[in-house]
Amino acid sequence: MSFVTRFPPSPTGFMHVGNARTAIFNYLYARANKGKFVVRIEDTDRKRHSEEAVAAILDGLQWLGLDYDGEITSQFARLDRHTEIAKEMIAKGQAYYCYCSPAELEEMREKARAEGSNLFYDRRWRDADPENSPKDIKPVIRIKAPIDGKTTITDHVQGEVTVSNEQLDDFIILRSDGTPTYMLSVVVDDHDMGITHILRGDDHLNNTFRQKIIFDAMGWDVPEFAHLPLIHGADGAKFSKRHGAQSVQEFREQGYLPEALFNYLLRLGWSHGDDEVISRSDAIQWFNLNTIGKAAAKFDFAKLENLNAHYINECDNDRLIKLATAFYQERHAITPDEIAVNRIIAGIDELKSRAKTLHQFVDESVFYAKKIPLSFDEKASATLEGANDILSALKTRFEALDTLTSDNVQQACKDIAADIADGKMGKVAMPLRAALTGTTVSPSIFHAAEILGKDETCMRIQAALNR
RNA sequence: GUCCCGUUCGUCUAGAGGCCUAGGACACCGGAUUUUCAUUCCGGCAACACGGGUUCGACUCCCGUACGGGAUACCA
């Protein structure tokens, strides 16, 4: 059996995490079964369409490493084909022209509401004689939905779902302006593109019954379905901007690594026993539809952050520096020069183990790239207050050494603490930290002094004394 | 309103009738390590929505209730 899955975003200008997860699942399902994963842009709504919007989608796919097969299909470009199918259904008596005016429709809607009914169109043109059609109204094409009986779909996540056909309207497949509706386009495209498995959001479950009518009318094979539970914000409402971030590009801007988002989104709604950290290759090997959860999941930034910390720790050094570069500029208006980069790399193990996001990594390593005189934050200034004796002692001591090492710097601090700070290391190490970094939070200051080197360290101490 | 779907620790989840004294992860709270903040390591708190069945036995199956979500367009 062949497997073809699809990702059919409408170009909205960014990639929502919900869409990203759908894309990940489709990608994995295809890769897990040696099938194809194709992309189709649902751009029939020309008002919303733009090249930048398409680029944003592709950018999101690329960032997440979801490589697709073949060319991207544009739904808009296939308009003629969709129209042709609608006409074909008319010819076969499976669809019909409906000449209702907006006013008539509104009236029916009103009536249905009063009756508490789900559907409103009374099928008045279904069997009417086209001879009687009003000449001043451009008709739409409606499908002849089954009138009685039941329709059941077997969903890989939701199981068997049955709906009484009375609930299914004769919905519109071709608008009065001759353009196809989503319901038609999606079915025709899925069929023509040979899609075998449709994994999409739960919000489409109800549409599936309508789409099945079209597949059946055309005598086409109905694909397999898997409707994924939706992603909610912490408050249980639909996940959106106000929950912190909603597009993958926002997560990127906030300093998350793609593999972290990938892993997090994969685990949201899908599981493999107790496994939490799942590599892409394991995911491809393990992914299946059986262990997709049925309930909507709340997005938890803390867990994402935890995974992000893990992946930063595992990240290749060169790649990490590269990823961080833009953030040094953005957050501190600094572009680390070669010397700075070498220092950062020398201290990268500690830096990595501390950072939960690229923002933190950059903020905690930027002192390596700063130039004298450093600016001191509030706490650092307070720490430096009255510490001149200690700073001077430190400087004198360092100047007497050939080179600074983590060990000899620590020893120096220890000795000075014993001499003039009641033996309290903190009284010596903290001013040193403030002098070297401009802050009160940093990795090991002994190691930092070694990395900065004797000259730079002494200059920074002098600058702190001169402040 | 109507139709459809869902409901295990705060969160993501494991669980396919006895393996469950309900497991893991994140978060949280302690403690150890530490010059700060983190990391790391130990330990702790914490859940089967409710009510009826079925069964020797139910988190697991059935029905109902409650709550939550989705769909109800000439949007996708």
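Below, chain A is the first sequence line, B the second, and so on; all start at residue 1. Bear in mind the structure is a predicted one, so any value in this text is a computation, not a measurement. As a basis for the values below, the full set of heavy atoms in this structure was taken, side chains included, without hydrogen atoms, waters or symmetry mates.
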State which residues pass side chain to side chain donor-acceptor pair (under 3.5 Å) with [X]; sequence neighbours excluded, sorted by chain then number.
X        : result
A:Gln360 : none
A:Arg210 : none
A:Asp136 : none
A:Arg21  : none

In whole angstroms, how far is the P atom of B:C74 from the CD1 atom of A:Ile141?
15 Å
Write down the distance between NE2 (A:His82) and C1' (B:C74), rounded to a whole number of angstrom.
17 Å
Does any nucleotide pair with B:U65 by Watson-Crick or G-U wobble geometry, both distances under 3.5 Å, and what is it?
B:A49
Between side-chain atoms of residues 429-441 of chain A and protein atoms elsewhere (two or more places apart, or another chain), which donor-acceptor pairs fall under 3.5 Å?
residue: A:Arg433; atom: NE; partner: A:Ser442; partner atom: OG; Å: 2.9
residue: A:Arg433; atom: NH2; partner: A:Pro443; partner atom: O; Å: 3.3
residue: A:Thr437; atom: OG1; partner: A:Arg433; partner atom: O; Å: 2.8
residue: A:Thr437; atom: OG1; partner: A:Thr439; partner atom: N; Å: 3.0
residue: A:Thr437; atom: OG1; partner: A:Thr439; partner atom: O; Å: 3.1
residue: A:Thr437; atom: OG1; partner: A:Thr439; partner atom: OG1; Å: 3.1
residue: A:Thr439; atom: OG1; partner: A:Val441; partner atom: N; Å: 3.3
residue: A:Thr439; atom: OG1; partner: A:Val441; partner atom: O; Å: 3.0

Where along [range] does protein come under 4.0 Å, by heavy atom, of base (B) or sugar-phosphate alone (S), with - for untouched nucleotides?
range                        : result
nucleotides 14-24 of chain B : S--------BB
nucleotides 58-63 of chain B : ------
nucleotides 3-8 of chain B   : SSSSS-

Give every residue pair that meets the salt bridge (charged side-chain N to carboxylate O under 4.0 Å, His left out) criterion with at least one member in residues 286-303 of chain A, sequence neighbours excluded.
A:Glu276-A:Lys303
Name all pairs fulfilling the salt bridge (charged side-chain N to carboxylate O under 4.0 Å, His left out) condition that reach into residues 50-60 of chain A, sequence neighbours left out, sorted by first residue then second.
A:Asp59-A:Arg252
Under 4.0 Å, heavy atom to any atom of RNA chain B: which of residues 419-437 of chain A qualify?
A:Met425, A:Gly426, A:Ala429, A:Met430, A:Arg433
Kindly write out the residues that satisfy salt bridge (charged side-chain N to carboxylate O under 4.0 Å, His left out) with A:Arg126, not counting sequence neighbours, or none if the list is empty.
A:Asp170
B:A76 base / A:Asn19 side chain donor-acceptor hit below 3.5 Å:
no
Tell whether A:Ser444 reaches the base of B:U35 with its side chain through a donor-acceptor pair below 3.5 angstrom.
yes
Using the C1' atom as the point on both nucleotides, what is the distance between B:U7 and B:U60, in whole Å?
14 Å
C1' atoms of B:C29 and B:A71, separation to the nearest Å
43 Å
On RNA chain B, does the nearest nucleotide to A:Pro229 precede the nearest nucleotide to A:Asn207 from the 5' side, or the other way round? Give the residue.
A:Pro229
